[in-house]
Amino acid sequence: MARNKFQNEMETLNLDLVYMGALVERAIEDSAKALILQDKELCNKVIASDKEINVLRAEIESKALKIILMQQPVASDLRMISTALKMITDMERIGDQARDICEIVLHLCEEEYQLKLEILSQMGEYAKQMVYGCINSFVKQDIEAAKKVIKTDDAMDELFAKLKRKMVKLIKEKQAYADQAIYFLMVGKYFEKIGDHAENIAEWVIFSKTGEHKDIKII
């Protein structure tokens, strides 16, 4: 009976994690779309959704800690709960960064863009793919999918380096648009950070299966 209760609580925890992941994925997708379309309404939607993500993080954290205190999980279950606690921290920060992107876009909505957004669009797509990949790898307990997310972060870093070069060129050639170039660079940095958080989640997914984190045996 106690084990059944424990399993039900773990299933609820996993469902909450999946829901939080879906909210974060949508926030990334909407922030990237708002950037391209200069859409104030979409920006405000993302900014508002960050509050729901923050509330959900607190609720999941509370449930996870109660399971640890009340159910005394064995090592494999403890790894899963520990991973959940690490994941929600990174997911909340991803939500924060989607919000930050939209706050920048609100400053850009009245301006004509001075460059095409191929790099930033690609970074937004990578960010969305990486977050989906790390959440999906957790749900399926798929180590290979988690490793794929980790590898993708290198491509994200390369795109950010390319963006920096373009922004330096824009500032040199069109000094009147230096502020816009800095804003674009900040957006790119937030996408890169989202990739870093997705990589973190993927590394903790591997830990949940193996007990190792970055090749160090923990539990």
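Quick caveat: nothing in here was measured; it's all calculated off a predicted structure.
Neither L13 nor L15 shares a network with the other; the hydrophobic side chains, linked directly or stepwise wherever heavy atoms of I, L, V, M, F, W or Y lie under 4.5 Å apart, form separate groups for each. Clustering ILVMFWY residues whenever any of their side-chain heavy atoms sit less than 4.5 angstrom apart, transitively, puts I68 in the very cluster that holds L17. Hydrophobic cluster membership differs between I47 and V24, with clusters built from Ile, Leu, Val, Met, Phe, Trp and Tyr side chains linked at under 4.5 angstrom. Under the 4.5 Å side-chain heavy-atom criterion for ILVMFWY residues, no single connected hydrophobic cluster contains both L106 and Y183. A single hydrophobic cluster is seen to contain both M186 and I119, as judged by linkage of ILVMFWY side chains at heavy-atom distances under 4.5 Å, directly or through other members.
No option in L23, I53, V131 other than V131 meets the side-chain contact (heavy atoms from CB on, under 4.5 Å) test with I94.
Rounded to the nearest 0.5 angstrom, I171 CD1 and I182 CD1 are separated by 5.0 Å. From E61, atom CD reaches atom OG1 of T89 across 6.5 Å, with rounding to the nearest 0.5 Å. The SG atom of C102 lies 9.5 Å from the CG atom of D100; values are rounded to the nearest 0.5 Å. I143 contributes atom CD1, which lies 5.5 Å from atom OG1 of T210 (distance to the nearest 0.5 angstrom). Remark: M91 CE to R57 CZ distance equals 10.0 Å, nearest 0.5 Å. Here the straight-line distance linking atom CD of E29 with atom NZ of K128 works out to 4.0 Å at 0.5 Å rounding.
Between K33 and D39 no salt bridge is recorded (no basic side-chain N to carboxylate O distance below 4.0 Å). Look at E110 and K40 and you find a salt bridge, because one of the NZ, NE, NH1 or NH2 atoms lies within 4.0 Å of a carboxylate O, short of that distance. By the 4.0 Å N-to-carboxylate-O rule, R99 lies close enough to D96 to be salt-bridged with it.
Ring geometry, Y113 versus F184: the interplanar angle exceeds 60°, so the pair is classed perpendicular (tilted spans 30 to 60°).
For the pair Y190/I104, a side-chain contact is recorded, criterion being any heavy-atom separation below 4.5 Å from C-beta on. No side-chain heavy atom of K169 sits less than 4.5 Å from a side-chain heavy atom of R165. N200 is not listed as a side-chain neighbour of K86, based on a closest heavy-atom distance of 4.5 Å or more. Counting heavy atoms from C-beta on, the side chains of L163 and E192 never come closer than 4.5 Å. M20 places a side-chain heavy atom less than 4.5 Å from the side chain of E92. Residues L185 and K189 fail the side-chain proximity criterion, which asks for heavy atoms closer than 4.5 Å. Proximity of Y19 to E52: side-chain heavy atoms (C-beta onward) are separated by under 4.5 Å at one or more points. In this structure, S82 and F207 have side chains that are in contact, with non-hydrogen atoms separated by less than 4.5 Å.
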Take I206 and I150 through the side-chain contact (heavy atoms from CB on, under 4.5 Å) test and state the conclusion after the steps. CA-CA 11 Å; I206 294 171; I150 293 168; 3.9 Å; yes
TODO: For side-chain contact (heavy atoms from CB on, under 4.5 Å), just list the numbers for M167 and L115, CA-CA rounded to whole Å, side-chain angles, deciding distance to a tenth of an Å, and then say yes or no.
DONE: CA-CA 9 Å; M167 293 307 97; L115 79 166; 3.1 Å; yes
With side-chain contact (heavy atoms from CB on, under 4.5 Å) as the criterion, how do L120 and L159 come out once you've worked through the C-alpha distance, each side chain's angles and the decisive distance to 0.1 Å?
CA-CA 8 Å; L120 282 171; L159 280 173; over 6 Å; no
Does the side-chain hydrogen bond (donor to acceptor under 3.5 Å, both in side chains) test come out yes or no for E11 and Q7, once each step is laid out? CA-CA 6 Å; E11 286 173 13; Q7 291 297 341; over 6 Å; no
Start with the C-alpha distance between N14 and V139, add both sets of side-chain angles, then the distance that settles side-chain contact (heavy atoms from CB on, under 4.5 Å), and finish with yes or no. CA-CA 8 Å; N14 284 340; V139 172; over 6 Å; no
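A donor-acceptor contact shorter than 3.5 Å links the side chain of T83 to the backbone of W204. Judged purely by atom type and a 3.5 angstrom limit, Q141 uses its side chain to pair as donor or acceptor with the backbone of F138. The main-chain N or O of A98 is never found under 3.5 Å from a side-chain atom of E103 such that the two would form a donor-acceptor pair. No side-chain donor-acceptor contact under 3.5 Å links S62 to the backbone of E59.
Within a 6.0 Å radius of OH in Y132, no more than 12 heavy atoms belonging to other residues, nucleotides or ligands are found.
Across every non-hydrogen atom of S49 and A27, the tightest pair is OG-CB, 4.3 Å. Of all heavy-atom pairs between I28 and A127, the closest is CG2-CB, 3.9 Å. When every heavy atom of R26 is checked against every heavy atom of K45, the shortest pair comes out as NH1-NZ, 4.0 Å. Pairing each heavy atom of M130 with each of G195, the nearest pair is CE-O, 3.3 Å. Among all heavy-atom pairs drawn from A198 and C134, the shortest one is O-CB, 3.6 Å. Taking each heavy atom of D77 and M10 in turn, the nearest pair found is O-CE, 4.5 Å.
Side-chain contact, Q114 with K174: a donor N or O sits under 3.5 Å from an acceptor N or O.
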